[in-house]
> 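Handing you a structure now.
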Amino acid sequence: MSQAIESILHETRLFPPSPEFAARANVSGMAAYQTLVDRAQADHAGFWLDMAHEHLTWHKPPTRALDESNAPFYKWFEDGEINVSHNCLDRHLDTQPDKLALIFEADDGKVTTITYRALYHRVCAFANALKAQGVKEGDRVLIYMPMSIEAVIAMQACARIAAIHSVVFGGFSAKSIQERVADAEANTIITADGQFRGGREIPLKKAVDEALAMGGCESVERVIVYRRTGSTVQWHEGRDLWWHDAIAGQPEECPPTFVSGEHPLFILYTSGSTGKPKGVQHSTGGYLLGAVTSMRWVFDLHPNDIFWCTADVGWVTGHSYVAYGPLALGATELIFEGIPTYPDAGRFWKMIQDHRVTIFYTAPTAIRSLIKAGTDLPRQYDLSSLRLLGTVGEPINPEAWMWYHTVVGQERCPIVDTWWQTETGCHMIAPLPGATPTKPGSCTLPLPGIAAAIVDETGHDVARGNGGFLVIKKPWPSMLRTLWRDPERYQATYFPNDFGGKTYLAGDGAQRDEDGYFWIMGRIDDVMNVAGHRLGSTEIESSLVANPLVAEAAVVSRPDDVTGEAVCAFVVLKAARPTDHAEAKRIADELRNWVTQQIGPIAKPKDFRFGDNLPKTRSGKIMRRLLRSIAKGEAITQDVTTLENPAILEQLTASAY
Ligand code: WT7
């Protein structure tokens, strides 16, 4: 990138925490935040070593935090010995055995709960079952499960015996399973017969069978199947085993396998913009520390909270803030099998009401789709239990933020907009809700001990107000350790030589405002160059979403004879998609004027295309690469099998206004 990215949208609203919230917060007031930041700045490794001693239960405490001798292959707490499952379960047995650990609500509304003691015993029994089957420390276990208590048990059991799990999202195809099994050389798969989502039954075991039939999966010795739906499955004698048979007669005590702080806890595959998925490898001690400190700092977790993170365990969010973080802190958490719109778009709000949820964490894409489904719907439910709201996954447009704040949070709940990545393991830039005044659309300030900065292409800091590359200048405990068996790609992707080889490149564009607040401007690959101006996608999208007609928007660029590149906007309206040509043109003109007024003519989209929805990945991210092909008028050659809603491509390609 030869120039900085220009920031064009200005947000001036500021929301300090209420005195009541601040008074009882884990980190209360900006001075307390600053004290932590200063401590970390004065002694980075020492700060994290103190945190590790304070917040984790070690079998043998580490004597040293960080080993930088082989950068960027950093090591944290290597001489410490620890077990993640021991931290999540055993350490609560004396203090709160009868507290609820998990509240599970099934797709059909049926609720199942489990206490810490019961969860401990079920994890132990399943860990013993894995051992009895021959699963050993360091073996890779692929987990392809619906959201369920059993999915958490499967992950915890792997952690208990120091097997390395790799969870594959239940919405992914047989081909995705095959690729991940082959890359990780997993010897065990844990799956279910099927799952229920939105009233429909979706087979899971069938996809595993298909994957294993594709070849390249010879490493797999056993498939353990949890019975969820009760539907018929094909059975491979000698390879397949029912979960309930595997645990039959297994003792409900299983001593944890203590490992070095550096032992790999899991691999989680994340799709890169090109090439095969990257096997992001996380550690044990450092990873858990990040999950725990962020639960305390950002989610301000207190003993009586009911915590609900809506993410599936197939994503990193479902690792750090479902399977591990909340349990390590002894929280009660809600987990949900279904979808936000079934049986209707009030489901989330009803669940918050029924379970008296206090902390609610979801994605901007869910928020925008629920706004579209019924702006006033949340008002029909009692949301008075809520005290804190969070978002993750994409920039939240200020307009959606304000709706979340007023309609869901009833102007009472701080919003934590958490910037992080699969690779970072836990929150990196986010408000501390009892300290940081928030601004709609900004993820605010780095957590203590996180050296986030914005630099130009030579690695030098850019001036405040200028956009550039978001980087992390010092290693942090919960960072990825490498890409599974691909250290070269790890180094080239995240620690490129252009930036000195020791600075972590996040791949996002961002800017800092005069208060030092971070504003994510979108992925660097999505930056557009319009008449010599480098524009990020986020700000133009936020401007469009701020228009009363618009529910969702995505912008990309296409080549243009005059301006080099031109901005193309893909828009979902709150009302029905215009099918009449003149009407569509009128709305397009109105939106062009709007962007011109809000931002300036430089950002004005040249083309508008309307759809009932936008093409998204299964994790809810807009597929901008696909939109770029449409904008250019190219035939779509990309793999669209992971698309949530393939049918809408036709609408978007039809005509531009
Ligand atoms: C990318 C990471 C982290 C768990 C879920 C996604 C985008 C994430 C934010 C945010 C703006 C965000 C970034 C990042 N992103 N959170 N609060 N504001 N952008 O994990 O699939 O690894 O994606 O999601 O572009 O790089 P992921």
Side-chain angles (χ1 to χ4, degrees), residues 5 11 167 169 172 267-273 277-282 287 290-291 294 298 309-325 361-368 389-398 400-401 404 415-431 436 438-447 450 452 454 467 469-472 478-480 483 493-494 504-511 517-527 536-539 541-542 554 616-625 642:
I5 312 171
E11 172 62 55
V167 183
F169 173 56
F172 279 160
I267 306 166
L268 184 59
Y269 286 86
T270 174
S271 40
S273 45
K278 297 179 283 201
V280 171
Q281 180 182 320
H282 276 287
Y287 169 78
S294 56
V298 181
C309 163
T310 66
D312 190 280
V313 289
W315 315 117
V316 72
T317 313
H319 285 57
S320 306
Y321 303 113
V322 176
Y324 295 119
Y361 189 42
T362 196
T365 180
I367 296 170
R368 286 191 302 263
L389 303 173
T391 76
V392 61
E394 307 163 84
I396 176 163
N397 316 110
W401 195 104
Y404 203 28
I415 296 178
V416 289
D417 174 355
T418 61
W419 179 86
W420 61 298
Q421 306 176 297
T422 304
E423 293 87 343
T424 70
C426 71
H427 302 153
M428 301 292 280
I429 310 178
T436 324
T438 54
K439 303 185 186 186
S442 168
C443 51
T444 74
L445 300 167
L447 300 197
I450 300 301
I454 297 169
F469 298 94
L470 177 56
V471 298
I472 314 293
S478 69
M479 65 190 293
L480 79 166
L483 294 175
T493 309
Y494 304 111
Y504 174 82
L505 181 69
D508 283 349
Q511 63 116 347
Y517 278 46
F518 284 74
W519 297 79
I520 306 296
M521 300 167 85
R523 298 291 296 171
I524 285 290
D525 298 345
D526 298 330
V527 168
S537 47
T538 306
E539 293 177 315
E541 289 163 5
S542 289
K616 288 183 193 153
T617 64
R618 296 303 298 259
S619 63
K621 285 197 183 9
I622 293 164
M623 296 178 77
R624 288 196 177 70
R625 260 188 309 152
T642 56

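What's counted below: heavy atoms across the whole structure, side chains too, no hydrogens, waters or symmetry copies. Start at 1 and go down the list; that is how both ligands and their atoms are numbered.
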> Mind checking whether Y321 and H427 have parallel, tilted or perpendicular rings, split at 30° and 60°?
parallel
> Sort out the contact shell of ligand 1: every protein residue with a heavy-atom distance below 4.0 Å, listed by chain and number.
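Answer by chain and number: V316, T317, V392, G393, E394, P395, D417, T418, W419, W420, Q421, T422, D508, I520, R523, K621.
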> Backbone N or O of K621 within a donor-acceptor pair of the T617 side chain at under 3.5 Å?
yes
> Test of understanding: with salt bridge (charged side-chain N to carboxylate O under 4.0 Å, His left out), list the residues that count as partners of D508, not counting sequence neighbours.
R523
> Applying ring pair (Phe, Tyr, Trp, His ring centres under 6.0 Å), name anything that partners F169, two or more places apart in sequence or on another chain.
F172, W315
> Report the residues that fulfil salt bridge (charged side-chain N to carboxylate O under 4.0 Å, His left out) with E423, sequence neighbours left out, ordered by chain and then residue number.
none
> Verify whether one side chain among Y361 and T317 offers a donor that lies under 3.5 Å from an acceptor in the other.
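T317 and Y361 do not have a side-chain donor-acceptor pair below 3.5 Å.
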